[in-house]
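Contents: one structure, followed by commentary.
Just so we're on the same page: letters track the sequence lines, and every chain starts at 1.
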Number of protein chains: 2
Amino acid sequence: MTDSHSDDQSPADRFARAREAQAVALLEDYVEMIGDLIEEFGEARVADIAERMGVAQPTATKAIGRLKREGLATSRPYRGVFLTDKGADLADRVRGRHRTVVEFLVAVGVPHSVAELDAEGIEHHVSDETLAVFERFLRGRG
Amino acid sequence: MTDSHSDDQSPADRFARAREAQAVALLEDYVEMIGDLIEEFGEARVADIAERMGVAQPTATKAIGRLKREGLATSRPYRGVFLTDKGADLADRVRGRHRTVVEFLVAVGVPHSVAELDAEGIEHHVSDETLAVFERFLRGRG
DNA sequence: CAATTAAAATAGCCATGGCTATGCATTTCA
DNA sequence: TGAAATGCATAGCCATGGCTATTTTAATTG
């Protein structure tokens, strides 16, 4: 057999994959942020989510609607937004990935504030395989 | 003065930046691809662009319309799509960045085919500053 | 407990980026 | 050179992800 990583993809396949990653990126960001807010304040209100995401309140409401459709969150008006088990799992994974990407960038010499900025976009396109490489790199230098 | 990289950004700012990066990502991909096709075949036809991008032909036509609006490309029906100077410059920068990201990922241990996949999304979110770090890293182990 | 305030939802707009189906124009070639 | 085939454009649909303006509903408080 050939090397398991040598299976080349057409450009079209690669673009399709990047489009797909982009489609889930926003939901991941919301889920992570809701997790953060709950951790910090014990609750995640729509207005706070909107403010942190840098969008208008109805935009956040719409996004939360999508989260609910995807089974990632629930909400009760005037009581905040909550993550389902599935949503909480996703939030954990996203947060871990975010942290790894930032730490990795810092480890190779990117200033921390720049690493935070870049990671916001990068993290959604890093495969599990690449993430594992980043982690190995970080462990390898203690 | 304080360190030039310590100016912290709010989450909202970071997300806004990532959204902006995403907005230009698609145009960058098209411009790069058109440059590739012209280099390979001497011309970039709408149908070929669509096929390589993995989208339907009218989707490519629409995107090319945006490129024209942005002053990045011109086209003559049945004669193909051409890059303006501005478009060619952008294509060069995008191609260079793509190459650097792939090479960097490979250098830290990511299998090449995975690096290609991940780079497709990552490249649009790598700042000039981070790119410079990647290049330094590559030179440092030349 | 009613009035006010604040929070969220709704309505309705826009651009982007997909799609299919269809129409038109150009090239090609019999 | 005219018919067929090809290439591209157009029309029109859908979902997403923004926005503002407005309405509804809940919480707070005089």
Side-chain angles (χ1 to χ4, degrees), chain A residues 11-34 37-38 41-70 72-82 120-121 124, chain B residues 11-34 37-38 41-70 72-82 120-121 124:
Chain A
D13 290 337
R14 288 189 278 115
F15 288 119
R17 189 169 167 283
R19 282 196 297 270
E20 172 58 27
Q22 196 50 43
V24 297
L26 198 90
L27 294 189
E28 290 183 347
D29 284 336
Y30 272 95
V31 159
E32 181 182 5
M33 168 133 307
I34 290 166
L37 285 168
I38 290 173
F41 303 124
E43 62 175 10
R45 308 297 288 246
V46 173
D48 296 334
I49 294 167
E51 199 234 316
R52 284 243 186 153
M53 292 296 299
V55 299
Q57 169 256 308
T59 300
T61 297
K62 249 202 242 181
I64 292 160
R66 282 193 297 279
L67 294 183
K68 291 199 262 192
R69 269 202 284 113
E70 303 282 337
L72 296 168
T74 61
S75 80
R76 279 154 44 203
Y78 307 92
R79 298 303 303 270
V81 179
F82 312 92
E120 202 60 70
H124 301 289
Chain B
D13 290 337
R14 287 189 279 114
F15 288 120
R17 188 168 167 285
R19 282 195 296 269
E20 172 58 26
Q22 196 50 44
V24 296
L26 198 90
L27 295 189
E28 290 183 346
D29 284 335
Y30 272 95
V31 159
E32 182 184 2
M33 169 134 306
I34 290 166
L37 286 168
I38 289 173
F41 303 123
E43 63 174 9
R45 308 297 289 247
V46 174
D48 296 334
I49 295 167
E51 199 234 316
R52 283 243 186 154
M53 293 296 299
V55 299
Q57 169 257 307
T59 300
T61 297
K62 251 202 240 181
I64 291 161
R66 283 193 296 279
L67 294 183
K68 290 199 263 191
R69 270 201 285 112
E70 304 281 337
L72 295 167
T74 60
S75 80
R76 279 154 45 205
Y78 308 90
R79 297 302 303 271
V81 178
F82 312 92
E120 202 60 70
H124 301 290

Would you kindly give the CD-to-C1' distance between B/Q22 and D/dG17, to the nearest whole Å?
12 Å
Under 4.0 Å from any atom of DNA chain D, heavy atoms only: list the residues of residues 41-50 of chain A that qualify, in numerical order.
none
Approximate separation, where rounding is to 0.5 Å, of A/F82 CZ and A/R76 CZ:
5.0 Å
Rounded interatomic separation in angstrom, taking CD from B/E28 and P from C/dG17
12 Å
How close or far is atom C1' of C/dA8 from atom CD of A/E51, stated in whole angstroms?
16 Å
Tell me the bend of the helix from C/dC1-D/dG30 to C/dA30-D/dT1 as the angle between end helix axes, each from five pairs, rounded to the nearest 10 degrees.
10°
Among A/D48, A/I49, A/V31, find the one that has a side chain to side chain contact (heavy atoms under 4.5 Å, CB included) with A/V81.
A/I49
Rounded distance in Å - CZ (A/R76) to P (C/dA9)
13 Å
Return the value, rounded to whole Å, for the distance between atom CZ of B/F82 and atom C1' of D/dC8.
14 Å
Do NZ/NE/NH1/NH2 and the carboxylate oxygens of A/R45 and A/E43 come within less than 4.0 Å?
yes
Does a nitrogen or oxygen in the side chain of A/R69 sit under 4.0 Å from OP1 or OP2 of D/dT16?
yes
Residue B/E51 excluded, over 12 heavy atoms near CD under 6.0 Å
no
With 3.5 Å as the limit, what N/O pairs link the protein to nucleotides 23-30 of chain D?
residue	atom	partner	partner atom	Å
D/dT25	O2	A/Y78	OH	2.6

Given D/dA21, D/dG18, D/dA9, the nucleotide with the shortest approach to the side chain of B/T61
D/dA9
Nucleotide C/dT20, atom P - distance to NZ of B/K62 in whole Å:
13 Å
Expressed in angstrom and rounded to an integer, what is the separation of A/R19 atom CZ from D/dT16 atom C1'?
15 Å
Short side-chain N/O contact to C/dG17 OP1/OP2 from B/R66, under 4.0 Å
yes
First locate atom CD of B/Q22, then atom CG of A/L26, and finally report the distance between them rounded to the nearest 0.5 Å.
10.5 Å
List the steps, then state whether side-chain contact (heavy atoms from CB on, under 4.5 Å) holds for B/K68 with B/I64.
CA-CA 6 Å; B/K68 290 199 263 191; B/I64 291 161; 4.1 Å; yes
Does the side-chain contact (heavy atoms from CB on, under 4.5 Å) test come out yes or no for B/V55 and A/R19, once each step is laid out?
CA-CA 11 Å; B/V55 299; A/R19 282 196 297 270; 3.7 Å; yes
Between the base of C/dA9 and the side chain of A/Q57, is there a donor-acceptor distance below 3.5 Å?
yes
Is the phosphate of D/dG17, meaning OP1 or OP2, less than 4.0 Å from a side-chain N or O of A/T59?
no
Ranking D/dA11, D/dG12, D/dC19 by distance to the side chain of B/P58, first place goes to D/dA11
Quick one: does A/E28's side chain get under 4.5 Å of A/H124's, heavy atoms only?
yes
In whole Å, I'd like the distance from the CZ atom of B/F15 to the P atom of D/dC19.
14 Å
As an exercise, state the distance from CD1 of B/I34 to CG of B/L67, rounded to the nearest 0.5 Å.
5.0 Å
